[in-house]
Amino acid sequence: MDWPALKSTVSSCTACGLRAGCTQTVFGVGDESAQWLLVGEAPGAEEDKLGEPFVGQAGKLLDQMLAALGLARGRNVYIANVLKCRPPGNRNPAPEEVAQCSAHLRRQIELIRPKLILAMGRFAVQTLLNSEATIGSLRGSVHSYHGVPLVVTYHPAYLLRNLPDKAKAWADLLFAKKTVDGF
Ligand code: URA
């Protein structure tokens, strides 16, 4: 499946019940041949309204962290979520929703062929690494998603509630940059 086919598959997907309750699908945004792929959880209210990932408060923090690294959304960076539809009331993704939706993310990764995946938060990590391990225990190592180097960090929405952990997330981003740059 190429980009246009994948985009139209996602926008017309009704494989789980979420599409019936959301405004629109949120496919992903950015440079389709980016070296960096950032993966979050699912659209929230703002993302559902605008059709773009990470445009609410968590997205502002993410943009600031990217800027501090000399990066920007759309410039060598692609941003996507595990789920393309907003779960009602921002509840956690259900396992069957992740199971149905993860093929879309998998194809995005195959098309982008990033140099690095930054998995942000529990759901991205569980989905991409097939692991129930904590973020804390997986940080600081280079993991692999079908051969693509993958680094784990906290979700920006978690950082908004746990400000002291911002320093750890910054360390993770520097580690990710070193990985992209080849140490
Ligand atoms: N949180 C996410 O995981 N993704 C978004 O797009 C917005 C908030």
Side-chain angles (χ1 to χ4, degrees), residues 1-32 34 36-66 71-74 77-112 114 117-132 134-135 145 150 152-163 165-166 169:
M1 217 186 288
D2 60 9
W3 281 112
L6 181 61
K7 285 174 188 172
S8 102
T9 299
V10 168
S11 67
S12 59
C13 181
T14 53
C16 77
L18 290 180
R19 183 67 190 89
C22 72
T23 307
Q24 58 187 318
T25 54
V26 178
F27 181 77
V29 69
D31 178 350
E32 290 173 357
W36 290 72
L37 170 63
L38 276 49
V39 180
E41 179 179 320
E46 292 295 306
E47 292 76 21
D48 179 67
K49 213 185 315 169
L50 297 175
E52 182 170 331
F54 285 101
V55 288
Q57 283 305 109
K60 291 198 175 72
L61 174 58
L62 184 60
D63 284 337
Q64 284 166 13
M65 295 179 80
L66 286 174
L71 296 169
R73 73 169 60 209
V77 175
Y78 194 93
I79 306 176
N81 283 310
V82 171
L83 294 190
K84 309 308 189 207
C85 292
R86 182 193 185 202
N90 290 350
R91 67 156 167 75
N92 285 339
E96 61 276 14
E97 293 157 358
V98 173
Q100 293 288 352
C101 210
S102 55
H104 302 318
L105 177 61
R106 180 170 185 160
R107 188 63 192 143
Q108 284 176 305
I109 298 171
E110 286 168 357
L111 289 170
I112 297 167
I117 299 171
L118 185 69
M120 304 183 295
R122 175 157 76 94
F123 288 93
V125 169
Q126 283 177 356
T127 304
L128 295 171
L129 290 184
N130 205 9
S131 163
E132 295 288 324
T134 61
I135 305 281
Y145 174 83
L150 183 150
V152 165
T153 193
Y154 297 104
H155 191 286
Y158 165 87
L159 297 176
L160 291 173
R161 300 186 305 267
N162 298 273
L163 292 179
D165 279 343
K166 267 168 95 174

Q.
Under 4.0 Å between a side-chain nitrogen and a carboxylate oxygen: does that hold for Glu97 and Arg91?
A. yes
Q. Can you tell me how far CG of Leu159 sits from OG1 of Thr153, rounded to the nearest 0.5 angstrom?
A. 6.5 Å
Q | Closest approach of Leu61 to Pro156 (non-hydrogen atoms, all atoms of both residues) | A | CD2-O, 3.6 Å
Q. Ignoring hydrogens and geometry, is there a side-chain-to-backbone donor-acceptor pair from Asn81 to Glu41 under 3.5 Å?
A. yes
Please set out all donor-acceptor pairs under 3.5 angstrom arising from side-chain atoms of residues 48-58, sequence neighbours excluded.
unit_1, atom_1, unit_2, atom_2, d
Asp48, OD1, Thr23, N, 2.9
Asp48, OD2, Thr23, N, 3.4
Asp48, OD2, Thr23, OG1, 2.5
Glu52, OE2, Arg73, NH1, 2.8

Q: Drop me the distance from Tyr78's OH to Ile112's CD1, to the nearest 0.5 angstrom.
A: 5.5 Å
Q) Which heavy atom of Leu18 sits nearest a heavy atom of Pro88, and at what distance? A) CD2-CD, 3.6 Å
Side-chain donor-acceptor pairs under 3.5 Å in residues 120-131, sequence neighbours left out?
unit_1, atom_1, unit_2, atom_2, d
Gln126, NE2, Glu132, OE1, 3.4
Thr127, OG1, Phe123, O, 2.6
Ser131, OG, Ala133, N, 3.0

**Q.** Nearest-0.5 Å distance, OH of residue Tyr145 to CG of residue Leu105
**A.** 6.0 Å
Q: Calculate, to the nearest 0.5 Å, the distance between atoms CG and CH2 belonging to Leu66 and Trp36 respectively.
A: 8.0 Å
(Q) For the CZ atom of Arg19 and the OG atom of Ser12, what is their distance to the nearest 0.5 Å? (A) 9.5 Å
Q) For the side chain to side chain contact (heavy atoms under 4.5 Å, CB included) test, which of Ile117, Leu71, Leu118 pairs with Leu38? A) Leu118
**Q.** Nearest atoms (heavy-atom pairs only) where Ala119 meets Leu150
**A.** CB-CD2, 3.9 Å
Q: With the side chain counted from C-beta on, respond yes when His104 and Cys13 share a heavy-atom pair under 4.5 Å apart, and no when they do not.
A: yes
Q.
If you compare all heavy atoms of Asp2 against all heavy atoms of Ala5, which two are closest, and at what distance to 0.1 Å?
A. OD1-N, 3.0 Å
Q | Residues, nucleotides or ligands: over 12 heavy atoms within 6.0 Å of Lys166 NZ | A | no
Q: Search all heavy atoms of Pro43 against all heavy atoms of Pro87 and return the closest pair with its distance.
A: O-CD, 3.8 Å
Q. Would you say the side-chain atoms of Gln108 pair up with the backbone N or O of Phe27, donor to acceptor, closer than 3.5 Å?
A. yes
Q | Beyond-backbone contact of Met1 with Leu111, side-chain heavy atoms, under 4.5 angstrom | A | no
Q. What distance separates Asn90 CG from Glu47 CD, expressed to the nearest 0.5 Å?
A. 8.5 Å
